[in-house]
Amino acid sequence: MPYTPVELRHVHVKRSLLGYKRDAVENLLTELADNFETVWRERHELADQLEEIEHELGVLRSREQALTQTLVAAEQAATHVKDQAKREAEVILAEARSEARSLLRDAEGERLRLEADTRRIEALLRSALRVVEEVGPEPLAVPAEQQEESALAEPQLLKVSGGREWGGDG
């Protein structure tokens, strides 16, 4: 039968003839009760500590689980953001390429238009040059009003060369 420290303190050993010495037995029982009481107290303290540690362990495990879930969620979010950024970059790049092709087509069209205008102007100049060559070196007809104005505004210069006068009234 198990004894508690209190029960050990109240145990009375019966006397018998030629038995143990009563003082020695009582001292032994007192020491046993003291040691047993110390062990009992330590056992309860350790049980309390164990309970606290198990509680802390449960808290730490729940934190670990929460951190693991947070880490997994963060990794998923990072992957999602990275994928979304990659898709947006591809869209922007496709739009930029499309815009570049459009600008290139517009520039090519403008170049062709300018080349056509250049060819048309060259053709007009050639035909005007042919007309001038066909007509010859005839002086251009200047209206009388302009002749009078230029005569009043500019002094007459005469150039003499080989007996001929140029550029004067006479």
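In this structure, OG1 in T79 is found 12.5 Å from CD in Q84, a value given to the nearest 0.5 Å. Between the CZ atom of R120 and the CZ atom of R113 there is a distance of 9.5 Å, given to the nearest 0.5 Å. Between the CD atom of E95 and the CD atom of E90 there is a distance of 12.5 Å, given to the nearest 0.5 Å. Atoms CG and CZ, on D48 and R43 in that order, are 10.0 Å from each other to the nearest 0.5 Å. Rounded to the nearest 0.5 Å, atoms CD (E122) and CG (D117) are 11.0 Å apart. Here the CD1-CD distance, from I92 to E88, works out to 6.5 Å after rounding to the nearest 0.5 Å.
Other members of the cluster containing V59 do not exist, because no ILVMFWY side chain is joined to it at under 4.5 Å.
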Next on the checklist: With side-chain contact (heavy atoms from CB on, under 4.5 Å) as the criterion, how do S102 and D106 come out once you've worked through the C-alpha distance, each side chain's angles and the decisive distance to 0.1 Å?
Outcome noted: CA-CA 6 Å; S102 175; D106 292 347; 4.0 Å; yes

Next on the checklist: Evaluate L50 against L46 for side-chain contact (heavy atoms from CB on, under 4.5 Å), listing each step before the verdict.
Outcome noted: CA-CA 6 Å; L50 178 63; L46 290 175; over 6 Å; no

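Screening residues 42-78 for ring pair (Phe, Tyr, Trp, His ring centres under 6.0 Å) gives W40-H44 as the qualifying pairs, with residues at least two apart or on separate chains.
Contacts of R61 classified as salt bridge (Lys or Arg N to Asp or Glu O under 4.0 Å), with partners at least two apart in sequence or in another chain: none. Here R130 pairs with nothing under the side chain to side chain donor-acceptor pair (under 3.5 Å) rule; sequence neighbours left out. Not counting sequence neighbours, E31 has no partner by the side chain to side chain donor-acceptor pair (under 3.5 Å) test.
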N/O donor to acceptor pairs below 3.5 angstrom from side-chain atoms of residues 68-77, sequence neighbours left out:
{"residue": "T68", "atom": "OG1", "partner": "E64", "partner atom": "O", "Å": "2.8"}
{"residue": "T70", "atom": "OG1", "partner": "A66", "partner atom": "O", "Å": "2.7"}

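Not a single donor-acceptor pair under 3.5 Å links the side chain of S98 to the backbone N or O of A94.
Using a cutoff of 4.0 Å between basic side-chain nitrogens and carboxylate oxygens, D83 and R87 are not scored as salt-bridged. A salt bridge links R111 and E115; the closest N-O separation between the charged side-chain nitrogens and carboxylate oxygens is under 4.0 Å. The existence of a salt bridge linking E108 and R105 is excluded, since no basic side-chain nitrogen approaches an acidic carboxylate oxygen closer than 4.0 Å.
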